[in-house]
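Only a predicted model underlies this, so the values are computations on that prediction, with no experimental measurement involved.
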Amino acid sequence: DRNKDIILTSSIIGISGTAYIFDKKNKSLTEEEVFNLNKENISRFDQKATTNYSERAAKWSDAGLLLSLSSPALLMCFSAARKDALDLGVIGSQNLFFTAASTMLIKNTTKRIRPYVYNPDVPLEKKLNKDSRQSFISGHTSLAFASASFLSTSYSHYFPESNSKYLVWGASMGLASTVGFLRYKAGKHFPTDIIGGAIVRSFIGWGVSELHKKSDNHENKN
């Protein structure tokens, strides 16, 4: 539907532009700001994250995200989906671009400080940059769950009667959850950052797919 595509594309451009403006206004943390941080000001639910820091976990989360982002390509294994390859590519791209743009907007407006900044074992130079202010919400988790939701919802549209759709949902969401856990272990995000990203972006992945789903009445007319 051209009208829906125009609305989505316009929204993506608008959100991206707004996020860029806020990003330009954001400043890196100063040494004084870092030294004045107190983890006691964080909720107990999130406090444990301030003791985490792992470059290895961060690298594994990058690998997990790439795997999750590429997972919708599995739809091309089925002839029914291959007929709609171009449409699925457009919809999938809209899903990811909308997620990325809105995630950056949230990050640049909330400016929440990442957990590792509270960790005394992390080098100071690592903490003194704008990225240290982009904890909420988790971008990796958002993209992974948006991709997983898009794949699973699309698969369910093509094979609504198949029990294998539950396996697709479980595997894709399991991978996305693993990405979120690795971001937590890396000290990049608090649990609430990950939960927020998972919930909001799963809804977006589902919503973009549902928005493009043909209604029964439309199918009957054709």
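A salt bridge does not link Lys27 to Glu33: none of the charged side-chain nitrogens sits closer than 4.0 Å to a carboxylate oxygen. Using a cut-off of 4.0 Å between Lys/Arg side-chain N and Asp/Glu carboxylate O, Asp131 and Arg114 are scored as salt-bridged. Asp23 and Lys130 are joined by a salt bridge, as a carboxylate oxygen and a charged side-chain nitrogen come within less than 4.0 angstrom of each other.
No hydrogens or angles considered: a donor-acceptor pair under 3.5 Å links the side chains of Trp169 and Ser156. Residues Ser138 and Tyr184 have side chains that never bring a donor and an acceptor to within less than 3.5 angstrom of each other.
The CZ atom of Phe22 lies 11.0 Å from the OG1 atom of Thr110; values are rounded to the nearest 0.5 Å. Atoms CD1 and CG, from Ile21 and Asn108 in turn, are 11.0 Å apart once rounded to the nearest 0.5 Å. How far CZ of Phe190 is from CG of Asn52: 10.0 Å, rounded to the nearest 0.5 Å. With rounding to the nearest 0.5 angstrom, the CZ atom of Phe136 is 10.0 Å from the CG atom of Asp46. Note: Arg44 CZ to Lys39 NZ = 12.5 Å, rounded to the nearest 0.5 Å. Note that CG of Asn95 and CG of Leu143 are 9.0 Å apart. Values are rounded to the nearest 0.5 Å.
Counting heavy atoms from C-beta outward, Phe150 and Ile91 have side chains that approach closer than 4.5 Å. Counting heavy atoms from C-beta outward, His140 and Asp62 have side chains that approach closer than 4.5 Å. No side-chain heavy atom of Tyr116 sits less than 4.5 Å from a side-chain heavy atom of Asp121. Looking only at side-chain heavy atoms (C-beta outward), Asp193 and Arg112 come within less than 4.5 Å of each other.
No side-chain donor-acceptor contact under 3.5 Å links Ser10 to the backbone of Ile7. For Lys127 (side chain) and Asn119 (main-chain N/O), a donor-acceptor pair under 3.5 Å exists by modelled atom type. Thr50 contributes a side-chain N or O that, together with a main-chain N or O of Gln47, makes up a donor-acceptor pair within less than 3.5 Å. Of the possible polar contacts, one joining the Lys107 side chain to the Ile137 backbone as a donor-acceptor pair under 3.5 Å is found. Remark: side-chain polar atoms of Lys165 are paired, donor with acceptor, to backbone N or O of Pro160 under 3.5 angstrom.
Of the residues Leu75, Leu74, Leu151, the one that meets the side-chain contact (heavy atoms from CB on, under 4.5 Å) test with Val168 is Leu151.
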